[in-house]
Amino acid sequence: MGLLGRANRRVFVGSLLGLVGCGSCEVGSQGPVPGGFDPAAMIPRAGQVRLTERGLLPIAQVLLGELQRGSTLSCNVDADCPTFVDGAGAPIASHCELGRQRCVDTANNTPTPGVLIALPPEASGLSLCRGGGACELLARIDGLTVTPRAGQGAGLEVQAQLAPSSFSVADFGQGLDCRLSIAAGALNVGFGLDVGPRNTPGTLPQLVVDVSSAQVQLANGLLSLSADPVYGDAGDQALCTAANLTPLQTGLIARLEGQLLPLAQGLLGQALGKVCDTAADCGPGATCTAEGWCQANVGTTIVPETLNFEERLVLPSLLGSVGYSGRSGAPADGALLIGGTFDADAQGLGFGVLAGLEPVELDAVCAQQRPSPRLRPTFVAPSPLPATSSADLDFDGTPETPYGIAFGVSKALVDQLVHGIYASGLICGAITTADIDVHTGTLEILIPSLRFLTKSHLFPRSERPVRLSVFLAEEPEVALDSGRTVDNGSGPEYLNPVLRLDLKRLQLNLQVLVDERWVRVLTVELDLHLGLGVMVTPANELVPLVGVGVTQLLENVVVRNSELLLESPASLESAIPTLVSFAFLEFSGAQDPIPLPAINGVDYQVLGVRGLATGGRYDQLAIYADLLQIQTGNLSAAVKTDARLVQVVVPDTSAFAVDHPGGPTLPAVQLAFVEQSPDGRTLEHQYALDGGGWSGFFRGPNLVLSRPELLLQGRHELLVRSRAVGDYRSLDPAPVTVPFYVDSEDPILSVKEVQAGLQIEAFDRVSRDQLRIELLAGTTWRALAPDAQGLVPLSDEERVAAPLLVQATDQAGRVSEVILRGAQAPADGSVNTGCRANGVGEGGLWALGLLFGLYGLRRRR
């Protein structure tokens, strides 16, 4: 019987190797790479993992627990359960737990961590299990340590202790047929493992966990030999008894140890072997055994488990569904392999990650035909993570923060990813009214002369779709930086981003659908500089912070092709930040969080994220964390966000226009926050506007937000969430949604009294037809629902009521009113008409006092 069952081997291997797993490798996968990923395209140390002794300890404890849970002894009666001894030689009794048929330690009623080892049948020389009969050893797994060994990999020691056992021993060289009895605590087995690269000619190097050594120790004085009752004869009685003498027993022990050594190696090899369902799971040169592990075709070597990933990818899915209308981007081939480089020292060990990402084909329309970054003369191979057990997270030049595990992502891999995004055509396409609620009705307030193209100056309902096409003339440039922050008193401020993305010669073309044709009204070319930071969620996911650490967002702005507009190119430059926000809103908030690799039974406490420099050049992004022995979830209770909308300050419509003196006046939204949690912790907050990326954190009771996106009139939405200062585990998992409207115009309202009742036309650029229309007749208000022709019938009482007033309220709360009659009906009996009156209609100023009173009455309904 093997050391672990097949299911438990999966748990064990997953626990040991999961720390360098790929999380959600199949996200965005189209299938295997035809012909396999080119090994030459793999970048050594594209990613790295470093474990220190501080991090190895909890992993060892988790592995020991997995081994013990996976090796519980079954039983029917108490006699089936063995007695072991502890380190001091005291017995560890166990008994059979009724109903569950498992052995449990009597002292604490926990499952007895034992394994049943089948001994090999009779063979030449010293042979255990004489005659081919069934005999087994019961072993208890009671210790596991992991120690980095410089130059040899990580040594992982598993200690096993055997229960009292008795079995036949045949030594044909001496003619002995003896019965060997082993007392409790007499035999201990140690398994040594190596974690390191395996290099096979013609294949990629792989990281494997394999048996490096096994030790079997038998204690003198706890073994006894007697003549075998079945095979022994009179001569064996004397010889087997004589073998109990210390000198002979020592020799016997050495021979027994030698026989048990390959047995121990083979059993542990099975535990670490690659599990399979069919031969296809094992790859060339190996087959799948009936027990469910991969075995080499030549010999009987168990194939060790490895971690790798090789798929054809759909980049938009991989990146969180980014992209523009009608463009999915060409696929890319990606590969990731744990192994290829391995570094071990007295303080820890590191695994290199070979990785590559190549676009299947370059988009001939949207991308320059440039070679992959790894083939360019400027390519620099990634450096190893610093061989230290502490990290410099306060940027004073001295590592002082102990850590258990570090993950490194190289600039070389980031360059490949950005190249793949660009070369696949993902930063090329258009965002339209179908993607986001922006149309000529809202853009005309920003660029007033658009109304003459759409004729909305004559027909207010004349709204047209718009399209903003994006083209990047040069490949983006990426630079890693320190990610250093400073607390400025109101929250952490990024002095440098962790990543800077420069989009040079970015072209935006604004088009309007006029007479069923797309007409270009504006072209802008500019350089866009985006700074990214990184935050960590309580689920140990990385989330980018967009727009931090960069002082100048736009440079080299040039406006062309604006002859159809009356505004000057210089004034149109004021609209560029809004158009850029319009174009990149999909990208800034679309990235899914990136989970840190999972380790069974181990949790992270992330300590910091920073860039690492080699020779003055930042070439890695490193995440430092401690490992916790058990999966605890949140280390501190999440706080609850308490935020409310105070006001939205909207300037006059004319102040939105790009030709307004001094440029457009930005609207502002003010929120108020609770500054302390109920348990007294100071809170800090962050926001995301209209589905974009999350901001950095800030403190204080108020947020006044005034951004170019707010020049687009309509419904906006803020997501806000809080956490205790500096405690990422306390982040509120349920952000508060704060909707608000930017709307500078009252609804357009026209009312005519006709024979059938009232003829009403109501419209609003922001709310469209979503207006609340109400009628005041005398002292009674009622909601109106005009039919398709805009007709509303009136009752007999309403026909003679005075005053008679129609009111339209848009979603922003702006009101237009039409007064059809005042306190009494016209003397001549004529039919009244009215138009939008901003609170004063054709009933005249004399009715205002009465109307205000009735308006107040209505508010008390």
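Below, each value reflects all heavy atoms present in this structure, side chains not excepted, and no hydrogens, waters or symmetry copies. Small disclaimer: the values here were computed from a predicted structure and weren't measured. Position 1 is the first residue of the sequence; numbering continues from there.
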* Without hydrogens or angle criteria, can the side chains of Arg520 and Gln511 be said to hold a donor-acceptor pair below 3.5 Å? -> no

* When you look at Glu463 and Arg765, which way does the salt bridge (charged side-chain N to carboxylate O under 4.0 Å, His left out) test go after all the steps? -> CA-CA 9 Å; Glu463 294 179 341; Arg765 292 184 185 275; 5.1 Å; no

* To do: Check step by step if salt bridge (charged side-chain N to carboxylate O under 4.0 Å, His left out) holds for Arg500 and Asp481.
  => CA-CA 7 Å; Arg500 177 185 170 112; Asp481 211 322; over 6 Å; no

* Any chance you could measure Leu771, atom CG, to Leu784, atom CG, to the nearest 0.5 Å? => 12.0 Å

* Structure fact -> Exactly one candidate in Thr442, Val650, Thr665 meets side-chain contact (heavy atoms from CB on, under 4.5 Å) with Phe656; the answer is Val650

* To do: Carefully, step by step, assess Ser744 and Val742 under the rule side-chain contact (heavy atoms from CB on, under 4.5 Å).
  => CA-CA 7 Å; Ser744 65; Val742 173; over 6 Å; no

* Might you work through the side chain to side chain donor-acceptor pair (under 3.5 Å) test for Ser456 and Glu444, ending with a clear yes or no? => CA-CA 9 Å; Ser456 66; Glu444 286 168 5; 2.8 Å; yes

* To do: Please tell me if the side chains of Val558 and Arg560 come closer than 4.5 Å, counting only heavy atoms from C-beta onward.
  => yes

* Structure fact -> Distance col, row Leu495:CG vs Ser482:OG, nearest 0.5 angstrom, shows 7.5 Å

* Asked: Parallel, tilted or perpendicular: which describes the rings of His716 and Phe740, with under 30° parallel and over 60° perpendicular?
  -> parallel

* Any chance you could measure Leu542, atom CG, to Met535, atom CE, to the nearest 0.5 Å? => 10.0 Å

* Asked: Taking all atoms of both residues into account, what is the closest heavy-atom pair of Ser730 and Arg681, and its distance?
  -> CB-NH1, 3.8 Å

* From Gln670 CD over to Ser706 OG, what is the distance, rounded to the nearest 0.5 angstrom? -> 12.0 Å

* **Among Leu711, Leu712, Val649, Val648, side-chain contact (heavy atoms from CB on, under 4.5 Å) partner for Pro667** => Leu711

* Verify side chain to side chain donor-acceptor pair (under 3.5 Å) between Ser568 and Ser571, making sure each step is shown before the conclusion. => CA-CA 5 Å; Ser568 68; Ser571 64; 3.2 Å; yes

* To do: Take Phe395 and Arg610 through the side-chain contact (heavy atoms from CB on, under 4.5 Å) test and state the conclusion after the steps.
  => CA-CA 9 Å; Phe395 298 91; Arg610 62 155 297 166; 3.4 Å; yes

* Asked: Which pair of heavy atoms, one from Val546 and one from Gly693, lies closest together, and at what distance?
  -> CG2-CA, 4.1 Å

* To do: Would you check if the side chain of Glu567 reaches a backbone N or O of Ile447 as a donor-acceptor pair within less than 3.5 Å?
  => no

* Structure fact -> Heavy atoms of Pro497 and Gly549 approach each other most closely as CD-O, 3.4 Å

* Asked: With a 4.5 Å heavy-atom cut-off, do Thr433 and Val438 have their side chains touching?
  -> no

* Quick one: pull up OG1 in Thr432 and CG in Leu468 and give me the separation to the nearest 0.5 Å. => 10.0 Å

* Does Leu472 reach the side chain of Tyr422, with side-chain heavy atoms less than 4.5 Å apart? -> yes

* Taking all atoms of both residues into account, what is the closest heavy-atom pair of Leu413 and Val409, and its distance? -> CD2-CG1, 4.4 Å

* Tyr494: what forms a side-chain hydrogen bond (donor to acceptor under 3.5 Å, both in side chains) with it, not counting sequence neighbours? -> none

* Asked: So, the side chain of Tyr624 versus the backbone of Ala391: is there a donor-acceptor pair under 3.5 Å, distance only?
  -> no

* **Results of salt bridge (charged side-chain N to carboxylate O under 4.0 Å, His left out) for Glu541 - residues two or more places apart only** => none

* Asked: Where is the tightest heavy-atom contact between Ser722 and His685, given as atom of each residue plus distance?
  -> OG-ND1, 2.7 Å

* Could you tell me whether Lys504 and Asp527 make a salt bridge, using a distance below 4.0 angstrom between a side-chain N and a carboxylate O? => no

* Asked: Does any non-hydrogen side-chain atom of Asp487 lie less than 4.5 Å from one of Arg699?
  -> yes

* To do: I would like to know whether Glu555 and His529 meet side chain to side chain donor-acceptor pair (under 3.5 Å); could you show each step before the answer?
  => CA-CA 8 Å; Glu555 279 189 319; His529 308 297; 2.8 Å; yes

* Asked: Within the distance-only criterion (no hydrogens, no angle test), does the side chain of Thr578 pair as donor or acceptor with the backbone N or O of Pro708 below 3.5 angstrom?
  -> yes

* Asked: Do the ring centers of Phe673 and Phe698 come within less than 6.0 Å of each other?
  -> yes

* To do: Verify, without hydrogens or angle tests, whether Asp810 (side chain) and Gly813 (backbone) share a donor-acceptor contact under 3.5 angstrom.
  => yes

* Identified side-chain contact (heavy atoms from CB on, under 4.5 Å) partner of Val512 from the options Leu450, Leu522, Leu453 -> Leu450

* Asked: Do Asp652 and Ser654 get their side chains close enough for a donor-acceptor pair, meaning under 3.5 Å?
  -> no

* List the steps, then state whether side chain to side chain donor-acceptor pair (under 3.5 Å) holds for Asp746 with Ser816. => CA-CA 6 Å; Asp746 296 332; Ser816 290; 4.6 Å; no

* Asked: When you look at Leu775 and Trp781, which way does the side-chain contact (heavy atoms from CB on, under 4.5 Å) test go after all the steps?
  -> CA-CA 5 Å; Leu775 173 69; Trp781 286 94; over 6 Å; no

* To do: Answer yes or no: is there a side-chain heavy-atom contact under 4.5 Å between Thr641 and Val720?
  => yes

* Spatial distance of atom CD1 (Ile773) from atom CG (Leu749) [nearest 0.5 Å] -> 7.0 Å

* For the student: nearest non-hydrogen atoms of Arg715 and Tyr741, plus distance -> CB-CE2, 3.5 Å

* **Working for salt bridge (charged side-chain N to carboxylate O under 4.0 Å, His left out), residues Asp764 and Arg768** => CA-CA 5 Å; Asp764 186 79; Arg768 307 288 186 83; over 6 Å; no

* To do: Please confirm whether the backbone N or O of Gln811 pairs with a side-chain atom of Ser767, one donor and one acceptor, at under 3.5 Å?
  => yes

* Asked: Given Thr737 and Leu718, is the side-chain contact (heavy atoms from CB on, under 4.5 Å) satisfied, shown in steps?
  -> CA-CA 6 Å; Thr737 301; Leu718 274 171; over 6 Å; no

* To do: May I ask you to test the Arg723-Phe697 pair for a side-chain heavy-atom distance under 4.5 Å?
  => yes

* Side-chain heavy atoms of Asn540 within contact of Asp603, under 4.5 Å -> yes

* Can you check whether Leu545 reaches Gln686 side chain to side chain, under 4.5 Å on heavy atoms? -> yes

* More than 12 heavy atoms of other residues, nucleotides or ligands under 6.0 Å from CD of Glu761: is that the case? -> no

* Just by distance, do the side chain of Asp415 and the backbone of Val418 share a donor-acceptor pair under 3.5 Å? -> no

